[in-house]
Amino acid sequence: MVEYDKYYDVIVVGAGHAGCEAALAGARMGCKTLLLTINLDAVALMSCNPAIGGQAKGHIVKEIDALGGEMGKNIDATGIQFRILNMRKGPAVRASRAQADKQLYRLRMKEVLEKQDNLDLKQGEVTRLAISNNAVIGVETRGGVLFRGKTVILTTGTFMRGLIHIGLTNYPGGRAGDLPSLGLSDHLRELGFEIGRLKTGTPARLDGRTIDFSRLEAQYGDDPPAKFSFSKTRIMQKQVPCYIAYTNSKSHEIIRSGLDRSPLYAGIIEGVGPRYCPSIEDKVVRFPERERHQTFLEPEGLNTVEYYPSGLSTSLPIDIQWAFYRSIYGLENVEIMRPAYAIEYDYANPVQLHTSLETKLIGNLYHAGQINGTSGYEEAAGQGLIAGINAALKINGKEPIVLGRSDAYIGVMIDDLVTLGTKEPYRMFTSRAEYRLLLREDNADLRLRELGHSLGLVSKEDYDVFIVKRDAVDQEHERLKVSKLLLSEADPEFMKEFDLLDIKNSVTYEHLLKRPDISYQELTRLDPSLAMISPEVKEQVEIQVKYKGYIDRQLDHVKRMSKMESAKIPAGFDYEQITGITAEVREKLVKFKPDTLGQASRVPGVTPAAIAVLSIALKAKIEGCGS
């Protein structure tokens, strides 16, 4: 084993979406950082759908951007269709989504990484960790090189013992075209980590030259497109449509005819697949009453003919794939450029992590992304950013940042993972967040920009943009409180249209804006100067005014819960000494080792009565230490 002649503060293993954010965070916070990956040509590669965002995922991307991460800027620079989903619903569930030019996305991210100060990129497969005194001190590669570092972040994606399935044929691979990572998960198991097996899949890639788009429904993006980043980014790429197609009864018959050769139904695949993103054969079997299933044909880029048929992932044999895809209206002559496949891979149960994403077993070792059982680029990137931040903070002797469930979707996700664990690929949904009215896309900067700036991740230019917006929102809100509709000057048509003829006293613009039928557009009829206010300021103020009652109730609940959420449980706390809790609860607490009382309250099987007893025990311990 040859020791490399440079000592690093942060070593990141894997250059997927988690690894990129982790490495950039470490380097931008002043740490000497190394990013190691099996293939440097696959940095930030979109292994599955060529898109960023979506329900709850868009929220995470906005939070990453607010904290100073790169994903939002990267999609703004390379996106070829932008849409805001759920526009007819409330602001809590509105979500941004964008199609990416797949190759431009990875190339731009690689360029950002290569130009980043304090960051080295190297190609190599990590097979073991170097450990001393129960803490990681570096990594060993298959090529026989030891890289030493103060902290290590594992972001291995689907590569640990990756196994690709197409029908009854299977072969090792981290994804199609890439070698798997062999040895690392066995090494983690030797160190005492609980290692599990998961499965995911991806559809075929179709040749757009062989698709009859004239027979399909085009779906265009928003015009003008709304960007992800709160910075002064601009959307410059040409915008293109997706297309909607449907399976049919013939498609379903073809799928059923191949189930005997499906690795999913033949018992060959051991890993648990994603419940919320099932394969097409799983959909057909589970929902036999459905006459058709929808797919979006998504372009993979401006300079390629490849299309991604969203929702049609499968691991069926290749001959069944040919027949199935060609059974779809408009795709009768389609050619498959890359076959669909399923992939099994190892992951480490995330209950073995602190909320900082540092492992409980090995000091200075962090896990982020699919190694924690999550699915999705956005979930991975959010974890990578937090792991990179906390690794840098630990090096500098500072306390880790922990985003609470009322702070960010990233906080909800990490708390879910480290408290509950997962036995299936974890995907973020708005329904997972109990404070989702506080955690909207539109206010991610107001929630997190200050923190990102304090960490050194948000530039002065970006921070100045934020300050201007924040102050404008405050000033506009105050103006609405004092500006009034005077009865003597009121437009009779306006008063009649909005049923205001019976009011006896003047009313403030804020009071008018609370009404569901009055927006800023209507207020502009009363005061034309309101048209000069920027759209993002008007959006923010209008949401704050219209939903004030609901927001205040959630804030009050957060305040009442904050004491329990922040009550830390000391490392190595002896649960055996606590009387008044059941053996089952004690066993759960010993196993999960929660970091706070709030986290302990969410461990399955830990009752409110047990939390009350634990609270008293913690208070007694603190008072005893104080005396």
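Numbering starts at 1 and runs along the sequence shown.
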S.K.: Can you confirm whether N303 is buried at CG, in the sense that more than 12 heavy atoms of other residues, nucleotides or ligands lie under 6.0 Å from that atom?
M.R.: no
S.K.: Not counting sequence neighbours, list each pair that qualifies as a salt bridge (charged side-chain N to carboxylate O under 4.0 Å, His left out) and has a residue in residues 19-28.
M.R.: R28-E70
S.K.: Do you see a donor-acceptor pair shorter than 3.5 Å between the side chains of H187 and T127?
M.R.: no
S.K.: Regarding R161 and D346, does a basic nitrogen lie under 4.0 Å from an acidic carboxylate oxygen?
M.R.: yes
S.K.: Return a table of donor-acceptor pairs under 3.5 angstrom between the side chains of residues 35-45 and protein atoms on other chains or two or more places apart.
M.R.:
from: N39; atom 1: OD1; to: D41; atom 2: N; distance (Å): 2.9
from: N39; atom 1: ND2; to: D178; atom 2: OD1; distance (Å): 3.2

S.K.: Residues in salt bridge (Lys or Arg N to Asp or Glu O under 4.0 Å) with K232, at least two apart?
M.R.: none
S.K.: Could you list the residues that satisfy side-chain hydrogen bond (donor to acceptor under 3.5 Å, both in side chains) with R449, not counting sequence neighbours?
M.R.: S231
S.K.: Tell me if a side-chain donor or acceptor on Y8 pairs with a main-chain N or O of D120 at a distance below 3.5 Å.
M.R.: no
S.K.: Test of understanding: with side-chain contact (heavy atoms from CB on, under 4.5 Å), list the residues that count as partners of E306, not counting sequence neighbours.
M.R.: R205, E300, T304, M337, R338
S.K.: We want to know whether Q237 and D101 form a side-chain donor-acceptor pair, criterion being a heavy-atom distance below 3.5 angstrom.
M.R.: no
S.K.: Sequence neighbours left out, what passes ring-ring contact (aromatic ring centres under 6.0 Å, His included) with F213? Give chain and number order.
M.R.: Y243, Y307
S.K.: Listed by chain and number, what are the side-chain hydrogen bond (donor to acceptor under 3.5 Å, both in side chains) partners of Q99, not counting sequence neighbours?
M.R.: R97, E298
S.K.: Tell me, please, which residues at least two apart from K423 pass side-chain contact (heavy atoms from CB on, under 4.5 Å).
M.R.: none
S.K.: Is it true that R189 and D186 have a side-chain N and a carboxylate O under 4.0 angstrom from each other?
M.R.: yes
S.K.: side-chain contact (heavy atoms from CB on, under 4.5 Å) with N349: which residues, sequence neighbours excluded?
M.R.: E194, V351, Q352
S.K.: I'd like to know if the side chain of T33 pairs up with that of N118 as donor and acceptor (distance under 3.5 Å, no hydrogens or angles considered).
M.R.: no
S.K.: Taking only residues two or more places apart in sequence or in another chain, which ones pass side-chain contact (heavy atoms from CB on, under 4.5 Å) with R209?
M.R.: D207, V305
S.K.: What residues, two or more places apart in sequence or in another chain, satisfy ring-ring contact (aromatic ring centres under 6.0 Å, His included) together with H367?
M.R.: F193
S.K.: Looking at residues at least two apart in the chain, or sitting in another chain, which of them share a salt bridge (Lys or Arg N to Asp or Glu O under 4.0 Å) with D416?
M.R.: R405
S.K.: Would you say the side-chain atoms of E424 and S375 include a donor-acceptor pair closer than 3.5 Å?
M.R.: no
